Amino acid sequence: MTSLILCAHDGAVATLTLNRPEKRNALNAEMWRGLSAHLRALATDSAVRCVVLQGADGHFAAGADMAEFAAHRATPDAARSYGEMMLDTLRHIRELPQPTIARIEGNCLGGGLELAAMCDLRIAADTAKFGIPIQRVGITMPYPELGMLVDLVGRAAMLEMLLEGAIHDAEWALRRGLVTRLVAPGDLASATTASTERLLAGSPQSHRNHKKFTLRCLGKEPLTEADLQEGYNAVTSADYREGIAAFLAKRRPAFTGQ
């Protein structure tokens, strides 16, 4: 595991920190690979029920480290290999079984914005900055990454970001669905903690199902009978039985994720 990605545990919450503050956490290949490795480990850790993604020292991530591009993205084959490495990480975040929260402050640009966008919830300081200014250096975002962002904010908002290349304020990001909620910078830590507490109060089985089902709703293929039945089969889970029993007994449920 790379020291450029830090992983800390506090009870059932794991926090991943992009740790390259001297570059405002600009993402290089080592960071993409390190983040993917941590996410794979967390996906199978039943003790972890929520994952927070943040940047070190006042910035989420200032985009990609373009100093690498001449060496790693100079040919179509090299660009595809690098892009597939990025896509592997983005998909691991998006498909992680546990709920994810992006804790955003400072710059959230380019690849950093892509990482944040893959999280389920995005809580941002109202002073944060957002954008994908890749038109300034002639970069084209490839289809898989582009498709996941279009799913989130729509074609019009993506074209606004990609064609104009502007850096936008947090209110702009909130209006376009890039951010779940805004808070004052001094309240960012407490707002993130409050959100993790709400997530931890819920059923892990319910969270896993809702993450999976909402992604399935974005698919182009019609829902199958098996898809439809899977939702109803959730009543066989231990979490469902515990939740109903706790409600009727007027007590706090003790969910196990089973």
Side-chain angles (χ1 to χ4, degrees), residues 1-7 14 16-20 23-45 51 53-55 60-98 100 102 107-120 122 130-155 157-159 161-163 165 178 211-212 214-221:
M1 299 294 188
T2 173
S3 62
L4 293 176
I5 307 294
L6 305 179
C7 184
L16 294 171
T17 303
L18 308 174
N19 186 42
R20 201 183 181 203
K23 297 289 187 180
R24 295 187 177 182
N25 305 317
L27 296 150
N28 60 18
E30 184 179 353
M31 293 175 76
W32 286 107
R33 287 192 292 265
L35 186 54
S36 181
H38 279 293
L39 290 165
R40 285 195 298 271
L42 291 173
T44 59
D45 189 342
V51 176
L53 179 63
Q54 64 182 12
F60 188 79
D65 182 356
M66 288 190 292
E68 290 190 328
F69 284 18
H72 297 297
R73 299 177 73 168
T75 67
D77 285 346
R80 180 163 188 161
S81 178
Y82 199 100
E84 288 175 347
M85 174 187 66
M86 292 173 57
L87 188 62
D88 176 71
T89 305
L90 295 172
R91 283 176 171 159
H92 271 106
I93 297 175
R94 194 186 199 204
E95 298 171 8
L96 198 70
Q98 302 95 330
T100 53
N107 289 337
C108 184
L109 308 175
L113 186 150
E114 293 184 57
L115 286 176
M118 294 303 103
C119 292
D120 302 316
R122 295 166 299 283
F130 300 83
I132 308 179
I134 57 177
Q135 48 90 305
R136 301 180 188 180
V137 288
I139 297 173
T140 298
M141 185 179 291
Y143 276 116
E145 299 166 42
L146 185 61
M148 290 190 290
L149 290 170
V150 170
D151 277 343
L152 177 65
V153 300
R155 182 173 182 264
M158 278 306 298
L159 286 176
M161 282 193 287
L162 293 171
L163 299 183
L178 277 171
K211 290 196 62 170
K212 177 182 177 181
T214 52
L215 283 176
R216 179 66 180 89
C217 287
L218 297 175
K220 307 304 181 185
E221 298 297 323

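Not measured: the values here are computed from a predicted model.
Within the 4.5 Å cutoff, the side chain of L115 has no heavy atoms near those of the M31 side chain. The shortest distance between side-chain heavy atoms of Q135 and L163 does not fall below 4.5 Å. With a 4.5 Å cut-off on side-chain heavy atoms, R20 and N28 count as touching. In this structure, E114 and T89 have side chains that are not in contact, with every pair of non-hydrogen atoms separated by 4.5 Å or more. Side-chain contact between R216 and E221 is present, with heavy atoms from C-beta onward closer than 4.5 Å. Contact annotation: the side chain of M158 approaches that of I132 to within less than 4.5 Å [non-hydrogen atoms, C-beta and beyond]. Residues L53 and L18 have side chains in contact (heavy-atom distance under 4.5 Å, counting atoms from C-beta outward). In this structure, the side chains of L90 and W32 come closer than 4.5 Å at one or more pairs of heavy atoms.
A distance of 9.0 Å separates CG of D151 from CG of L215, quoted to the nearest 0.5 Å. The line from CZ of R40 to CG of D88 is 6.0 Å long, rounded to the nearest 0.5 Å. Atom-to-atom distance recorded for L152:CG and R122:CZ is 5.0 Å, nearest 0.5 angstrom. Atom CG of L16 and atom NE2 of H38 lie 6.5 Å apart (nearest 0.5 Å). The OG1 atom of T17 sits 10.5 Å away from the CG atom of L35 when rounded to the nearest 0.5 Å.
For the side-chain contact (heavy atoms from CB on, under 4.5 Å) test with V51, the passing option among I93, D120, L42 is L42; the others fail.
Sparse packing is recorded around CZ of R91, with 12 or fewer heavy atoms of other residues, nucleotides or ligands lying under 6.0 Å away. At most 12 heavy atoms of other shown residues, nucleotides or ligands fall within 6.0 angstrom of atom CZ in R80.
Side chain of N19 to backbone of I5: no donor-acceptor contact under 3.5 angstrom is found.
The nearest pair of heavy atoms linking R24 to N107 is NH1-ND2, 3.3 Å. Minimum heavy-atom separation, C119 to T100: CA-OG1, 3.3 Å. Across every non-hydrogen atom of L27 and Y82, the tightest pair is O-OH, 4.2 Å. The shortest non-hydrogen separation linking R73 to A78 is CA-CB, 4.2 Å. Residues L113 and G131 approach most closely at CD1-N, 3.6 Å, considering heavy atoms. Across all their heavy atoms, A62 and K23 have their closest contact at CB-O, 4.2 Å.
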Contacts table for residues 137-148: side-chain donor-acceptor under 3.5 angstrom, sequence neighbours left out:
none

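By the salt bridge (charged side-chain N to carboxylate O under 4.0 Å, His left out) test, D45 is found to be paired with no residue, residues two or more places apart in sequence or in another chain being considered.
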